[in-house]
Amino acid sequence: MINNNVFIATMPRSGSTLLGMVLEQHPLIYHAGETFFWGRLDINTTRCSCGNMPCQTLSRVKGNIKFEEELNILFKTCSMFSRPSDQKDVYANLSIQDFNEQYDQNEWSKLENYLNISCEVLGKMSNIFREILAKKIIIDNTKVIQIGQRLLNCHDWKVILLTRDVRGVASSNKNLALRKNREIMLESRFPYYIQFARHAINLLKTRHKNLMWVKYEDVCHNPKKIFSDICNFIGIEYSDEMLNFRKNKGHAIMGNRMRFEDNDKFTEDLSWESRLSLEEKQIICNNKELVKLYKILGYNLGGM
């Protein structure tokens with residue numbers, strides 16, 4: 001039996017956009033992008049992955065949403081889990097950190113309930129996507145791993161845990177900051193990286209039948225095998241045509257700017273080797289907990 005919904009649990013800048021774009025090429029799949037942003041988007045000024053602004057397909061989705069308050073709770077939940085320790089940190093346009101909400105103890109006490117509501121909202125949004133896009137399987141790229149953990153308890157969800165060398169994630173964030181002429185504090189993201197790694201390790205220990213672990217590096221080095229394995233996990237037939245991941249641009253919101261580039265090659269981004277300074281690499285290597293956790297996930301952060 002096919003689980004109709006698939007959630008990508010990962011950190012931003014880890015390759016989830018590429019993963020979604022490839023899966024989008026399957027005729028049964030719709031890649032929704034980052035669903036939690038639907039609570040804050042102005043659909044008339046949102047550029048769809050198809051290139052249109054506004055997009056008529058996304059406008060139809062918007063017109064079918066009758067649970068705005070619950071959708072806002074999904075956004076709030078993601079924001080609470082992703083709050084940085086340093087508010088001077090930099091993020092992509094419209095990222096959850098850009099809204100600068102402050103949450104008091106009363107809000108944090110509701111987090112368990114917010115998680116349950118978030119899962120319900122993702123299910124409702126998936127049903128809307130399925131009806132309008134006429135696709136059987138919905139891929140959601142909301143990312144937050146704590147939500148992914150909760151969705152494993154739902155019979156109609158599968159979860160792909162996507163990991164990437166944290167140096168690549170840090171470098172990508174640094175590059176984003178440079179493009180925006182803003183400063184980024186490398187250490188400010190360490191608590192988030194550590195929290196993600198802890199949850200990822202705990203998830204893997206469950207050996208849940210509806211959980212699959214995928215490494216960004218493996219996607220780049222052997223895409224045919226990895227996507228064949230993913231299709232088998234989802235319960236659909238793989239085709240090499242899926243690797244032509246720019247053929248069907250789909251109708252997704254957010255995701256990084258690679259959606260609109262022309263390059264269709266699977267090449268691992270190793271720019272961190274030159275983009276991170278020797279001092280920054282050393283700061284990462286000197287964080288014993290970070291090194292220990294990512295070693296369990298198969299990443300050797302001690303090598304310079």
Side-chain angles (χ1 to χ4, degrees), residues 2-12 16-17 20 23-24 29-43 46 48-49 55 57-83 94-99 101 103 106-162 196 199 203 208 210-211 234 250-255:
I2 294 178
N3 293 62
N4 291 328
N5 305 315
V6 180
F7 184 90
I8 301 176
T10 187
M11 290 191 294
S16 59
T17 296
L23 294 174
E24 179 84 71
I29 288 178
Y30 167 62
H31 173 226
E34 299 170 76
T35 297
F36 65 92
F37 280 117
W38 277 94
R40 299 299 176 93
L41 287 179
D42 177 355
I43 204 65
T46 298
C48 177
S49 60
C55 168
T57 298
L58 296 186
S59 296
R60 288 179 61 199
V61 171
K62 185 71 172 180
N64 279 264
I65 297 175
K66 310 299 181 185
F67 43 91
E68 286 80 2
E69 184 175 346
E70 294 167 277
L71 194 54
N72 187 58
I73 288 177
L74 170 62
F75 181 95
K76 182 184 294 186
T77 304
C78 294
S79 179
M80 293 171 77
F81 279 123
S82 303
R83 178 91 16 212
L94 249 190
S95 72
I96 50 183
Q97 287 81 8
D98 283 342
F99 291 97
E101 283 96 339
Y103 302 113
N106 182 53
E107 289 288 350
W108 283 101
S109 69
K110 299 176 182 178
L111 191 53
E112 186 72 15
N113 186 45
Y114 286 170
L115 273 170
N116 292 330
I117 293 174
S118 295
C119 292
E120 293 173 4
V121 170
L122 289 174
K124 290 179 180 180
M125 289 297 294
S126 293
N127 289 335
I128 292 175
F129 295 141
R130 187 171 292 108
E131 178 181 354
I132 291 178
L133 277 299
K135 301 288 186 177
K136 188 169 186 178
I137 301 170
I138 308 301
I139 307 291
D140 190 285
N141 201 359
T142 293
K143 297 184 176 64
V144 177
I145 193 170
Q146 293 88 342
I147 294 177
Q149 288 175 304
R150 190 63 58 95
L151 287 173
L152 281 176
N153 297 323
C154 303
H155 73 279
D156 54 350
W157 284 90
K158 287 191 174 183
V159 175
I160 295 175
L161 173 65
L162 177 63
F196 173 82
H199 282 287
L203 259 184
H208 200 290
N210 288 334
L211 173 70
I234 295 175
H251 297 280
I253 58 172
M254 304 309 290

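Both backbone and side-chain heavy atoms feed into the values below; hydrogens, waters and symmetry mates do not. The shown structure was predicted, so the numbers you read here are calculated from the model rather than taken from an experiment.
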message = Taking salt bridge (charged side-chain N to carboxylate O under 4.0 Å, His left out) as the cut-off, I'd like each qualifying pair that reaches into residues 120-130, sequence neighbours left out, listed once.
response = Glu70-Lys124

inquiry  = Please list all pairs meeting side-chain hydrogen bond (donor to acceptor under 3.5 Å, both in side chains) that have one or both residues in residues 110-119, counting only residues at least two apart or in different chains.
reply    = Thr77-Ser118, Glu107-Tyr114, Glu112-Arg150, Asn116-Arg150

message = Are Tyr30 and Ile137 packed together at the side-chain level, in the sense that at least one heavy-atom pair is separated by less than 4.5 angstrom?
response = no

message = How close do Ser126 and Ile138 get, counting heavy atoms only, and between which atoms?
response = O-CG1, 3.7 Å

task = List the atom of Thr142, the atom of Cys78, and the distance in Å for their closest heavy-atom pair.
result = CG2-SG, 3.7 Å

request  = Heavy atoms only: give me the nearest Phe37-Ile253 pair and the separation to one decimal.
outcome  = CB-CD1, 4.0 Å

message = What I'd like to find out is whether the side chain of Ile128 reaches to under 4.5 Å of the side chain of Ile65, using heavy atoms alone.
response = yes

note = Looking only at heavy atoms, the pair that brings Asn141 and Thr17 closest together is ND2-N, 3.9 Å

task = May I have the step-by-step check of side-chain contact (heavy atoms from CB on, under 4.5 Å) for Leu122 and Ile147, ending in yes or no?
result = CA-CA 10 Å; Leu122 289 174; Ile147 294 177; 3.7 Å; yes

request  = Provide the closest heavy-atom pair for Ala32 versus Thr35 in the form atom of the first, atom of the second, distance.
outcome  = CB-OG1, 4.1 Å

query = Under 3.5 Å, side chain of Lys135 to main-chain N/O of Ile132, donor-acceptor pair present?
reply = no

key: Qualifying residues under salt bridge (charged side-chain N to carboxylate O under 4.0 Å, His left out), relative to Lys143, sequence neighbours excluded   = Glu34

inquiry  = Using side-chain heavy atoms (C-beta onward) and a distance below 4.5 Å, is Val6 in contact with Asp140?
reply    = no

inquiry  = Could you walk me through whether Leu203 and Gln149 satisfy the side-chain contact (heavy atoms from CB on, under 4.5 Å) test, starting with their C-alpha distance in whole Å, then the side-chain angles of each, then the deciding distance to 0.1 Å, before giving a yes or no?
reply    = CA-CA 7 Å; Leu203 259 184; Gln149 288 175 304; 3.6 Å; yes

query = Side chains of Phe81 and Leu111: does their closest heavy-atom pair fall under 4.5 Å?
reply = yes

key: Closest approach of Trp157 to Gly123 (non-hydrogen atoms, all atoms of both residues)   = CZ2-N, 4.0 Å

query = Which of parallel (below 30°), tilted (30 to 60°) and perpendicular (above 60°) describes Phe36 and Phe75?
reply = tilted

